[in-house]
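Contents: one structure, followed by commentary.
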Amino acid sequence: SVCCTTLVAAHFRAGNRGEAERIFCLIREPSVISWNAILAGYGEAGDLQAARRIFESMRHRSAATYNAMIQAYVQHGEIEQAKAIFQTNIATANVVTWTAMIEAYAQTGHLPEAKSLFDGMSERNVVTWTVMLAASSAAGDVHLARGIFHRLPQRNVPAWNAVVQAEAQYGNFDAAEKLFDRTPCWSIVSWNTMITAYGQRGCIDQAREMVDKMPQWNVVSLTAMVAAYGQNGLVELARKTFNWMPERNIITIFSRTRR
RNA sequence: ACCAACCU
């Protein structure tokens with residue numbers, strides 16, 4: 001049943017709900033962990049009713065149970081429901097729960113509330129810090145983003161990306177560029193952030209240089225490049241790039257052959 | 001074995 005639980009989680013992750021359910025039914029007496037796996041799976045699949053039904057039927061719940069339910073609501077924009085679960089079960093909340101609620105507030109444009117949750121936490125981990133930083137950046141609060149970045153105990157790539165984005169959005173391109181250069185290792189998101197930044201600034205050549213230098217592209221990279229051309233009046237190049245994109249809606253990551 | 005973070 002330990003293996004079955006792993007399989008249930010794996011099938012949900014791969015989008016095979018039917019197969020996950022079939023395997024779950026083979027478990028004689030599902031443990032809290034098995035129930036959590038199917039609850040989280042329904043949440044991920046967007047079936048909030050099914051998730052809630054499982055949640056209600058569970059006699060014994062763990063912190064992960066509440067977290068999976070809250071996360072399901074947050075991810076599908078049901079913030080009030082998430083808050084209700086959070087508030088009635090504050091005692092079982094752990095660092096994952098609090099971090100999910102920070103995201104919930106940030107997603108709905110309530111950065112100050114997100115910040116007060118963050119400030120009120122007795123324990124924070126890398127994800128907590130990164131979520132708070134990304135939220136400040138997305139909300140355009142460069143001062144908060146800088147403050148968080150400087151207080152960060154461990155700086156991971158998403159944190160660097162978020163602070164680069166915050167500076168670029170604020171119009172501080174030199175700072176963004178310097179931070180990008182200081183990023184210890186670049187992810188595709190790091191490169192995409194810079195393509196967008198250069199495009200906004202009208203630096204087509206530099207945007208193009210990023211595209212040429214990066215090891216692989218995804219739809220975001222090429223969409224950013226199309227936007228960079230478009231915003232700067234290079235309609236023909238924008239059209240050519242767009243037409244050249246292999247998959248326009250799917251998040252296919254494809255490698256390019258190095259020259 | 002189950003639950004959370006930047007890419008759409």
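Every chain is numbered from 1 and lettered A, B, ... according to where its sequence line falls, protein lines coming before strand lines.
Within 4.0 Å of S137(A), counting heavy atoms only, lies no atom of the nucleic acid at all. Contacts of N125(A) with the nucleic acid, taken as non-hydrogen atoms under 4.0 Å apart, include base atoms. E103(A) comes within 4.0 angstrom of the backbone, heavy atoms only, and of no base. At a threshold of 4.0 angstrom between heavy atoms, the contacts of A37(A) are confined to the sugar-phosphate backbone, with no base atom among them. Contact annotation for A40(A): backbone-only contact, meaning every heavy-atom pair under 4.0 Å involves sugar-phosphate atoms and none involves a base. Contacts of Q75(A) with the nucleic acid, taken as non-hydrogen atoms under 4.0 Å apart, involve only primed sugar atoms and P, OP1 or OP2.
Atom CD in Q107(A) sits roughly 9 Å away from atom P in C6(B) (whole-Å rounding). For the pair M101(A) CE and A5(B) P, the computed distance is 15 Å after rounding to whole Å. The CD atom of E123(A) sits 13 Å away from the C1' atom of A4(B) (whole-angstrom rounding). Protein atom CD1 of I148(A) is 18 Å distant from nucleotide atom P of A5(B), rounded to whole Å. Separating the CZ atom of R61(A) from the P atom of C3(B) is a distance of 18 Å, rounded to the nearest angstrom. Between N89(A) atom CG and C3(B) atom P there is a gap of 19 Å when expressed in whole angstrom units. Taking atom CG of residue L133(A) and atom P of nucleotide A4(B), one finds them 20 Å apart after rounding to whole Å. When rounded to the nearest whole Å, the span between CD1 of I195(A) and P of C6(B) equals 19 Å.
When the nucleotides C2(B), A5(B), C3(B) are ranked by their closest atom to the side chain of A68(A), C3(B) comes out on top. Closest approach to the V220(A) side chain among C2(B), A4(B), C7(B) is made by C7(B) (side chain taken as heavy atoms from C-beta onward). Picking from A1(B), A5(B), C7(B) the nucleotide with the shortest atom distance to the side chain of V2(A) gives A1(B). Distances were taken from every side-chain heavy atom of P158(A) (C-beta onward) to each of C6(B), A1(B), A4(B); the shortest belongs to C6(B). For S1(A), the side-chain atoms get nearest to A1(B) when compared with the rest of C2(B), A1(B), C7(B). For V131(A), whose side chain is taken as the heavy atoms from C-beta onward, the closest listed nucleotide among C2(B), C6(B), A5(B) is A5(B).
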Name the atoms and distances for all side-chain donor-acceptor pairs under 3.5 Å in residues 94-107 of chain A, with sequence neighbours left out.
| unit_1 | atom_1 | unit_2 | atom_2 | d |
| --- | --- | --- | --- | --- |
| N94(A) | OD1 | N67(A) | ND2 | 3.2 |
| N94(A) | OD1 | V96(A) | N | 3.0 |
| N94(A) | OD1 | T97(A) | N | 3.2 |
| N94(A) | OD1 | T97(A) | OG1 | 3.0 |
| T97(A) | OG1 | N67(A) | OD1 | 2.5 |
| T97(A) | OG1 | N94(A) | N | 2.9 |
| T97(A) | OG1 | N94(A) | O | 3.3 |
| T99(A) | OG1 | V95(A) | O | 2.6 |
| T99(A) | OG1 | T128(A) | OG1 | 3.1 |

Please report, to 0.1 Å, the donor-acceptor pairs under 3.5 Å made by any side chain of residues 194-201 of chain A, with sequence neighbours excluded.
| unit_1 | atom_1 | unit_2 | atom_2 | d |
| --- | --- | --- | --- | --- |
| T196(A) | OG1 | N192(A) | O | 3.0 |
| Y198(A) | OH | E177(A) | OE2 | 2.5 |

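Cluster annotation: L39(A) and L26(A) are assigned to distinct hydrophobic clusters (Ile/Leu/Val/Met/Phe/Trp/Tyr, side-chain heavy-atom contacts under 4.5 Å, transitive). Hydrophobic cluster membership differs between Y170(A) and W160(A), with clusters built from Ile, Leu, Val, Met, Phe, Trp and Tyr side chains linked at under 4.5 angstrom.
In terms of the side-chain contact (heavy atoms from CB on, under 4.5 Å) criterion, residue partners of L48(A) (sequence neighbours excluded) are, by chain and number, A72(A), Y73(A), H76(A), E78(A). Residues passing the side-chain contact (heavy atoms from CB on, under 4.5 Å) test with P30(A) are F24(A), I27(A), S34(A), W35(A), sequence neighbours excluded. For the salt bridge (charged side-chain N to carboxylate O under 4.0 Å, His left out) test, no residue two or more places apart in sequence or in another chain qualifies with R155(A).
On the P atoms, U8(B) is 16 Å away from A4(B), given to the nearest whole Å. Nucleotides A1(B) and A5(B) are separated by 23 Å at their C1' atoms, to the nearest Å. Across C2(B) and C6(B), the matching C1' atoms stand 24 Å from one another, rounded to whole Å.
Only T5(A), T6(A), R13(A), listed by number, bring a heavy atom of residues 3-15 of chain A to less than 4.0 angstrom from any atom of RNA chain B.
Between D174(A) and K178(A) there is no salt bridge, since no side-chain N of the basic residue sits under 4.0 Å from a carboxylate O of the acidic one.
Here the straight-line distance linking atom CZ of F86(A) with atom OH of Y66(A) works out to 13.5 Å at 0.5 Å rounding.
Applying the 3.5 Å distance criterion, the base of C3(B) shares no donor-acceptor pair with the side chain of N36(A). The base of C7(B) lies close enough to the side chain of T193(A) for a donor and an acceptor atom to sit less than 3.5 Å apart.
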